[in-house]
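The first residue of the sequence shown is numbered 1, and numbering continues consecutively from there. Just the heavy atoms: all of them, side chains too, but no hydrogens, waters or symmetry mates, feed the values below. Only a predicted model underlies this, so the values are computations on that prediction, with no experimental measurement involved.
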Amino acid sequence: MATVEKVLLRGERRIVLSGISWEMYEQLRENEDNWHVHMAYDRGTLELMSPSSSHEIIKKLLARMFESFTEEMGIPQRSLGSTTWKSQELAKGLEADECYYILNHHRVRSRMEVDLSVDPPPDLAIETEVSRGAVQKLRIYAALGVPEIWRWRKKGLAAYSLGADGKYVERDFSLNLPMLRVKDLEPFLEFELAADETAWIRKFRGWVRERFMADAGESGKGGL
């Protein structure tokens, strides 16, 4: 029998359902009334989350920084936003806050629909945790084989890569963007700094050019 638990934390409404079959999960996921709801399913436990404004602000800032960084650096990427990733065989599914193909961009660049039965999972998923969920999303990501996670929590931003043992290990530098120390993005997540997002993203782009492209220019000059 299914059980229901309702939680309201920091503006985020969460409903946790236990004893949910895969078929019921898919029905709930495909119902258009639920399209705005984030779901995380793990072997019978289903969490439904309605994001708070603070959640959406932070995840959008992280997405804009990632996308601006790859644009400034000329790194090909494909964004799939909050696409649902699921596997009936694993009995797991979720929506990332944001997700991207970078190292495997060439394998999906021409596809409108990505199929995990033949295509690789996204190279990077971004997760914003304003309040703690009941379902461990990292466990779902690990089972699906997502190589890298950027995870924002109250204590800051951290990057994780998937190890050979199927567990995530925190790392300083991004797996997909090895020149980038992910912690260096933290100062740009200050609410006051990002109050004017137009000025904020221009400042971030300036930082990218000064930190990374100036170094590349100096290296090039040294080789002449």
Side-chain angles (χ1 to χ4, degrees), residues 29 38-41 58-90 92-128 137-152 157-185 188 201 204-220 223:
R29 180 64 287 168
H38 289 213
M39 297 187 184
Y41 180 81
I58 296 166
K59 77 110 175 183
K60 187 66 175 178
L61 295 180
L62 284 168
R64 291 194 70 184
M65 281 195 286
F66 173 84
E67 291 159 16
S68 297
F69 186 90
T70 54
E71 181 181 341
E72 292 289 341
M73 299 293 289
I75 298 170
Q77 59 92 357
R78 186 175 180 196
S79 58
L80 274 80
S82 297
T83 297
T84 297
W85 304 101
K86 60 185 180 179
S87 167
Q88 183 173 4
E89 181 182 359
L90 298 170
K92 298 180 189 295
L94 49 55
E95 291 80 45
D97 284 334
E98 300 285 345
C99 62
Y100 301 91
Y101 284 92
I102 307 101
L103 295 179
N104 280 307
H105 170 262
H106 62 287
R107 297 180 61 179
V108 300
R109 60 184 299 172
S110 61
R111 294 182 181 273
M112 284 296 293
E113 297 291 337
V114 178
D115 181 356
L116 290 185
S117 66
V118 294
D119 298 313
D123 294 309
L124 170 66
I126 293 176
E127 281 296 323
T128 301
K137 297 182 79 172
L138 289 191
R139 187 164 65 184
I140 300 176
Y141 281 122
L144 295 174
V146 176
E148 182 176 10
I149 307 292
W150 290 4
R151 189 185 195 190
W152 182 91
L157 180 66
Y160 300 86
S161 62
L162 188 61
D165 60 355
K167 296 181 180 180
Y168 285 104
V169 178
E170 188 169 351
R171 56 185 296 139
D172 288 333
F173 287 82
S174 170
L175 178 67
N176 286 275
L177 306 173
M179 73 292 290
L180 176 64
R181 183 178 180 269
V182 176
K183 278 284 184 184
D184 290 343
L185 301 179
F188 291 96
I201 199 62
F204 175 75
R205 286 177 178 273
W207 175 79
V208 173
R209 293 167 188 156
E210 181 180 356
R211 172 69 68 89
F212 298 95
M213 301 173 78
D215 289 347
E218 289 300 320
S219 297

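With sequence neighbours left out, the salt bridge (charged side-chain N to carboxylate O under 4.0 Å, His left out) criterion links Glu148 to no other residue. In terms of the side chain to side chain contact (heavy atoms under 4.5 Å, CB included) criterion, residue partners of Gln88 (sequence neighbours excluded) are, by chain and number, Trp22, Glu23. Shown here are the side chain to side chain contact (heavy atoms under 4.5 Å, CB included) partners of Asp184, two or more places apart in sequence or in another chain: Arg181, Trp207, Arg211. Listed by chain and number, the residues in a side chain to side chain contact (heavy atoms under 4.5 Å, CB included) with Ile201 are Arg64, Ser68, Phe204, Arg205 (sequence neighbours excluded). Annotation: side chain to side chain contact (heavy atoms under 4.5 Å, CB included) contacts of Lys167 (sequence neighbours excluded): Asp165.
Listed here is the closest heavy atom pair of Ile140 and Lys92: CG2-CB, 3.8 Å. Of all the heavy atoms in Val108 and Arg78, the pair that sits closest is O-NH1, 2.5 Å. Closest non-hydrogen pair, Gly74 versus Pro76, comes out as O-CD, 3.6 Å. Contact detail for Asp97 and Ser82: the closest heavy-atom pair is O-OG, 3.1 Å. Arg171 approaches Ser161 most closely through the heavy-atom pair NH1-OG, 3.3 Å. Residues Ala125 and Tyr141 approach most closely at CB-CE2, 3.6 Å, considering heavy atoms.
Taken from OH in Tyr41 to CG in Leu90, the straight-line distance is 12.0 Å, to the nearest 0.5 Å. Here Thr128 contributes atom OG1 and Leu61 contributes atom CG; the two are 9.0 Å apart, rounded to the nearest 0.5 Å. Between the CH2 atom of Trp150 and the CD atom of Glu98 there is a distance of 11.5 Å, given to the nearest 0.5 Å. The distance from the CZ atom of Phe69 to the OG atom of Ser174 is 8.5 Å, given to the nearest 0.5 Å. Note: Ile75 CD1 to Leu177 CG = 5.0 Å, rounded to the nearest 0.5 Å. We find the OH-NE2 distance between Tyr101 and His106 to be 11.5 Å, quoted to the nearest 0.5 Å.
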Quiz prompt | Chi angles and distances behind the side-chain contact (heavy atoms from CB on, under 4.5 Å) call for Leu62, Leu157 | solution = CA-CA 10 Å; Leu62 284 168; Leu157 180 66; 3.9 Å; yes

Practice problem: Assess whether side-chain contact (heavy atoms from CB on, under 4.5 Å) is satisfied between Met65 and Ile126, documenting all intermediate values. | Solution: CA-CA 12 Å; Met65 281 195 286; Ile126 293 176; over 6 Å; no

Exercise. Dump the intermediate steps for side-chain contact (heavy atoms from CB on, under 4.5 Å) on Phe212 and Glu72, then the final yes or no.
Key: CA-CA 10 Å; Phe212 298 95; Glu72 292 289 341; over 6 Å; no

Quiz prompt | Chi angles and distances behind the side-chain contact (heavy atoms from CB on, under 4.5 Å) call for Trp85, Cys99 | solution = CA-CA 10 Å; Trp85 304 101; Cys99 62; 3.4 Å; yes

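In summary, of the residues considered (Leu175, Asn176, Val146), a side-chain contact (heavy atoms from CB on, under 4.5 Å) with Asp123 occurs for Asn176 alone.
Side chain of Tyr100 to backbone of Glu67: no donor-acceptor contact under 3.5 angstrom is found. Between the Lys86 side chain and the Leu94 main chain, no donor and acceptor come within less than 3.5 Å of each other.
Side-chain contact between Leu138 and Arg151 is present, with heavy atoms from C-beta onward closer than 4.5 Å.
Classification of the Tyr168-Tyr160 ring pair by plane angle, with boundaries at 30° and 60°, yields perpendicular.
At a threshold of 4.0 Å, the pair Arg29-Glu95 counts as salt-bridged, since one of the basic side-chain nitrogens sits closer than that to a carboxylate oxygen.
Sorted by first and then second residue, the pairs that involve residues 105-119 and meet salt bridge (charged side-chain N to carboxylate O under 4.0 Å, His left out), not counting sequence neighbours, are Arg111-Asp119.
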